[in-house]
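Each remark here refers to the structure printed beneath this line.
Each ligand, and each atom within it, is numbered from 1 in the order the structure gives.
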Amino acid sequence: MSADNVVKIPPAHDLPTPEPESPSIPRSRQPYRFSTLCATVETPDAGHKDQHGSSSVPIYQTATFKGVGGHYDYTRSGNPTRTHLEHHIAKISSAEHAFVVSSGMAALDVITRILKPDTEVIAGDDIYGGTHRLLTYLRTHMGVTVHHVDTTEPTSVLPHLNPGKTAMVLLETPTNPLLKIVDIARISALVKEKCPDATIVVDNTMMSPYLQRPLEHGADIVYDSATKYLSGHHDLMAGAIVCNRDDLAKQMAFIINSVGNALTPFDSFLLLRGIKTLAIRMDRQQSTAMLVAQLLSRLGFVTHYPGLPNHPGKEVHERIADGYGAVLSFQTGDVALSERIVAATRLWGISVSFGCVNSLISMPCVMSHASIDPATRAARGLPEDLIRLCVGIEDPADLIDDLQHALLEAGAIMFAANDYVRIPNPISRAVEKLALGEPRRNDARPREDREWFVSAPGKVILFGEHAVVHGVTAIAASVDLRCYGLTSPRHDGKLSVHLTDIGDYRHEWDVDDLPWDAVTPIPPGEPHPDQLDPRLMEAISARALPPADEMPRQTHGSLVAFLYLYMTLAHGGHRPSFHYVTRTTLPIGAGLGSSACYSVCIATALLLLHQRISVPPLPAPTRAPGAGDPGHVHVSHQGRRAIPAVAAEEANRWAFVAEKVLHGNPSGVDNSVAVFGGALAYTRPGFGRKSGMEPIQGFKSLRFLLVDSKVPRDTKKLVAGVALKKLEDPEAINKIMDSIQSISDEARRALADPELSRTSLLSALAALINENHAHLVSLGVSHRSLETIRSTTAAEQFRLSTKLTGAGGGGCAVTLVPDDFSDSSLRALVSALQAAGFGTYSTSVGGSGLGILSPYNHKETRAPVTPPETPAESDDSVDGTSSLRQYFESIDGSTLSSWADECGRWAYV
Ligand SMILES: Nc1ncnc2c1ncn2[C@@H]1O[C@H](COP(=O)(O)OP(=O)(O)O)[C@@H](O)[C@H]1O
Ligand SMILES: C[C@@](O)(CCOP(=O)(O)O)CC(=O)O
């Protein structure tokens, strides 16, 4: 047969067939960028080369493989489609090992099976509901202790690190659904230092390996619910695990093979296909998420998204991640309103989960986090009205349109002045209506034209000072010494402050000259971030005040706190011009919470002036029946409970911000007592204990003597000193903290026990006072003067128990005075103390908290009891009548309280 006669077999298609081997072009190779890595699936090794050169990895849809000694025998143990996928995930995660299993929770199950009984796990307190459920199961069925802590504060893990016991630290960042940021690198370092054997596990689902690779920041194991961004289409369930440690990989491979939860071949194929577009999807999703977050924040909703400039974790997030992701959440202030918004969307699908190309909307408390019981949700600060948005790849304009329509339809926003504006939420509107008594036909005065007179009590801490900063429960009560603040309107664009108690110091600013460029205003209802804004702090000190050493001692902090709040609370161009005077009957810097009641007064006055809180009018006073009038009996005690809880809580939140300016790291107990009054057990959130405030009855009947050592000291330094000691010797200090916790628990039980005789109660409290003081001595916060007070009160003829109260280092001591302690002995004790140069206060405890002379209006207020000595200045007059200011500034300190009481009817919390 000649060559011409050879039958040529035509190719099966008409397209030119490429050269089998392309010529290699010599060039230096850059490592591929992430999206290239995603799109190019490589063959793990020569043994996996496809015999037909298929460009997509085939689905080996088979349970078994023939033969003996080959690569594969049974799909539970291994399958080529899955191998390709695991190889691909390891590559894009820069990891040595990767495993894929049937869901994200299956991944966590595999990881937590490494744990042995009687070990301990530390986990965040704002975690996915399913994670919480599995950890609870491990705790109740497997003998594993689980500590939930606020991992956004890295040092909060420290008290729970237990060498030899702590086996795993489980982190998630950003957290879901509040988008809080956890510094994985810092926590890994802290944990490894103390518990080198503990495994750091990170749930990376919110970010995916594209935006965050926690193995590079100290994590040992990272897992993703691959159902989300990795797959991207909500058409499969899968979990991916990556790690670099051979020992952990070996254990996890064993578990997966043993329990049989590895991903099926078909789902492996789908997931491999999804990952190819991960980067391009995520780019689009997160750029739209930023637009949505900006829109919501601009409208005044509390919006949680790490890309927003005022997000407290922004800086940490930017250090560990390459983008902000596509999940955000926001609050409306009203559960029913949130439900209406969710129901009114069309493009945003109501669904759990996230990471899909389609945008989703949900209410975590009724959906993804419903498995966490409501009390725990509340304790962890998960707002019931929270709406979570998971942004997809649809056109951003359509998504924003749909959301705006839903907000409009639900009644959350309205169209005014050519733009959407937020409608204040119904609760605050109702309170506002009550306060203003709508419609106010006869009173056209803008609200800032009235005076506001506020006051708050100091406190005495009976048990738990200092330890309370580190999460221990403190027991404290209000004292009947108070700080007062009075605002009077000005009409000249100026702001002035008069601190009568510290050097009679006055300062005045042109409102427009304040460093407004440095402030990030916080919209009404939105919380202040955990940390103070360093830019604003710096700008106030540098540009609004003289250098600290050129001002009287103590005034600098007070004015920084005032301006920080004034500027941060200003919104919508509303910058009221007024004069603020403060006076106190408390010793300043002596441990009785003068800073907290100053903080509560400025916060309340500023919230009122910035129209962020309002106070309903008091109920009508008692009126005797008359002709045709059945009369009215007014039973509430001095207007107590007349300040609504929402207003009190808001005042407390902002007072805490002022306390941070003054204290650095306050626990919040002082301002809480100053706002809520009475006696309470207070536990700071974020330390794995049940946090919050619990009223304590029975405290009011106790008698205390407060003794002022008159030795000045600085709360900020003393609190920082204890924190330093704790860092240096955490074991010893934690032991002290635990002992103080037992003292507070014991005292709380004793005070609440109706069976306990009065004598037993008093002697138990006396013993606990001595015990608590000894621990404070070990913390290094006592002082010679305080020990002298202790020995004077403990002397043979008195035999009383005394401890320091507040920050110590000088300041005040508190002495328990038993019922049978005679008046003559008390007089003798007071003389002995005074002779030694100490000041004494016999106060009653447990009285009212925050008070507002409300609604302060001269027409309703009785004339001041002291007649005016000089005519009122013109800018001091309110509504044509003289204001309280001149009396307030000049009245004698000893009559201040009774004068204030008689100025009118006070509303209290
Ligand atoms: N009446 C007041 N006027 C202005 N600032 C005050 C007043 N009372 C307290 N402060 C501020 O609080 C600081 C005292 O706080 P701190 O050391 O915590 O003492 P205390 O134990 O009394 O709370 C003062 O230095 C001052 O900045
Ligand atoms: C030491 C501490 O527990 C109480 C401080 O009270 P004072 O500032 O001394 O009144 C600090 C705090 O709880 O913020």
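A donor-acceptor pair shorter than 3.5 Å can be found between the side chains of Asp504 and His498. Counting only N and O atoms by type, the side chains of His579 and Ser488 include no donor and acceptor under 3.5 Å apart. A donor-acceptor pair shorter than 3.5 Å can be found between the side chains of Thr683 and Thr473. Tyr484 and Thr585 share no side-chain donor-acceptor pair at under 3.5 Å. A donor-acceptor contact closer than 3.5 angstrom links the side chains of Glu659 and Ser595. Side chains of Ser739 and Gln741: a donor-acceptor N/O pair is absent below 3.5 angstrom, by distance only. Thr715 and Arg713 are linked by a side-chain donor-acceptor pair at a separation below 3.5 angstrom, with hydrogens and angles left out of the test. No side-chain donor from either of Asp501 and Thr584 sits under 3.5 Å from a side-chain acceptor of the other. A side-chain N or O of Ser455 and one of Arg482 form a donor-acceptor pair less than 3.5 Å apart. With no hydrogens or angles considered, no side-chain donor-acceptor pair links His556 and Tyr505 at under 3.5 Å.
With a 4.0 Å heavy-atom cut-off, ligand 2 is reached by the side chain of His663 but not by its N, CA, C or O. Contacts between Leu662 and ligand 1, counted as non-hydrogen atom pairs separated by less than 4.0 Å, involve the side chain only. With a 4.0 Å heavy-atom cut-off, ligand 2 is reached by the side chain of Val469 but not by its N, CA, C or O. Residue-level proximity to ligand 1 for Arg583 is absent, since no heavy atom of it falls below 4.0 angstrom. At a heavy-atom cutoff of 4.0 Å, ligand 1 is contacted by no atom of Asp670, backbone or side chain.
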| query | Should His775 and Phe463 be marked as a ring-ring contact (aromatic ring centres under 6.0 Å, His included) after you check the CA-CA gap, both sets of side-chain angles, and the distance that decides it? | reply | CA-CA 11 Å; His775 291 306; Phe463 300 109; over 10 Å; no

Using the rule given for side chain to side chain donor-acceptor pair (under 3.5 Å), can you reason through Glu787 versus His773, listing the C-alpha separation, both sets of side-chain angles and the distance that settles it, and then say yes or no? CA-CA 10 Å; Glu787 296 309 316; His773 183 80; 2.8 Å; yes

TODO: Take Ser156 and Asp150, measure what side chain to side chain donor-acceptor pair (under 3.5 Å) needs, and give me the verdict at the end.
DONE: CA-CA 6 Å; Ser156 67; Asp150 176 8; 5.7 Å; no

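If you number the atoms of ligand 2 from 1 as listed, the ones under 4.0 Å from a heavy atom of Arg713 come out as 7 (P), 9 (O). Annotation for ligand 2: atoms under 4.0 Å from non-hydrogen atoms of Val669 are 13 (O). Less than 4.0 angstrom separates some heavy atom of Ser667 from each of these atoms of ligand 2: 12 (C), 13 (O), 14 (O). In the vicinity of His663, heavy-atom distances shorter than 4.0 Å reach the ligand 1 atoms 18 (O). Each of the following atoms of ligand 2 lies closer than 4.0 Å to a heavy atom of Thr715: 5 (C), 7 (P), 8 (O), 9 (O). Near Gly593, meaning under 4.0 Å from one of its heavy atoms, ligand 2 places the atoms 10 (O). The contact set between ligand 2 and Val468, taken as ligand atoms under 4.0 Å from a residue heavy atom, comprises 3 (O), 13 (O). Ligand 1 places these atoms under 4.0 Å from at least one heavy atom of Leu592: 21 (O). Shown in contact with Gly806 at under 4.0 Å from a heavy atom are these atoms of ligand 2, numbered in order with element: 6 (O), 9 (O). Within ligand 2, counting atoms from 1 as listed, the ones closer than 4.0 Å to a heavy atom of Pro666 are 14 (O). Counting the atoms of ligand 1 from 1 in the order shown, those under 4.0 Å from a heavy atom of Thr582 are 3 (N).
Residue contact check for ligand 1: Gly593 places a non-hydrogen atom closer than 4.0 Å to it. Under the 4.0 angstrom criterion for non-hydrogen atoms, Lys459 is in contact with ligand 2. Contact between Arg713 and ligand 1 is present, with at least one heavy atom of the residue lying under 4.0 Å from the ligand. In this structure, Asp714 does not count as a contact residue of ligand 1, since none of its heavy atoms falls inside 4.0 Å of the ligand. Heavy-atom distances between Ala590 and ligand 1 reach below 4.0 Å in at least one pair.
For atom 23 (O) of ligand 1, the choice among Ser594, Ala561, Gly485 with the nearest heavy atom turns out to be Ser594. Taking all heavy atoms of Asp714, Ile461, Val460 into account, the minimum distance to atom 4 (C) of ligand 2 is reached by Ile461. One option in Thr500, Ile588, Thr584, Thr715 has a heavy atom closer to atom 7 (C) of ligand 1 than any other, and that option is Ile588.
Close N/O approach between Tyr598 and ligand 1 is not found [any backbone or side-chain N/O within under 3.5 Å]. Looking at ligand 1, you'll find an N or O of Gly591 within less than 3.5 Å of one of its N or O atoms. Remark: ligand 2 and His466 share an N or O pair separated by less than 3.5 Å (distance only, no angle test).
With hydrogens left out, the protein atom closest to atom 26 (C) of ligand 1 is Ser558 OG, 3.2 Å, a heavy atom. Considering only non-hydrogen protein atoms, atom 5 (C) of ligand 2 sits nearest to Asp670 OD2, 3.7 Å. Scanning the protein heavy atoms around atom 19 (O) of ligand 1, the nearest turns out to be Gly589 CA, 3.1 Å. In this structure, the protein non-hydrogen atom closest to atom 15 (O) of ligand 1 is Ser595 CB, 3.1 Å. Nearest to atom 1 (N) of ligand 1 among the protein's heavy atoms is Asp501 OD2, 3.0 Å.
Contact detail for Glu526 and Trp654: the closest heavy-atom pair is O-CZ2, 4.2 Å.
The backbone N or O of Cys812 lies less than 3.5 Å from no partner atom in the side chain of Ser709, so there is not a single donor-acceptor pair.
A salt bridge links Arg490 with Glu508: at least one charged nitrogen is closer than 4.0 Å to a carboxylate oxygen. With respect to Asp745 and Arg748, a salt bridge is recorded, a charged nitrogen being found less than 4.0 Å from a carboxylate O. One finds no salt bridge joining Asp714 and Lys716 here, because no Lys/Arg side-chain nitrogen approaches an Asp/Glu carboxylate oxygen to under 4.0 Å.
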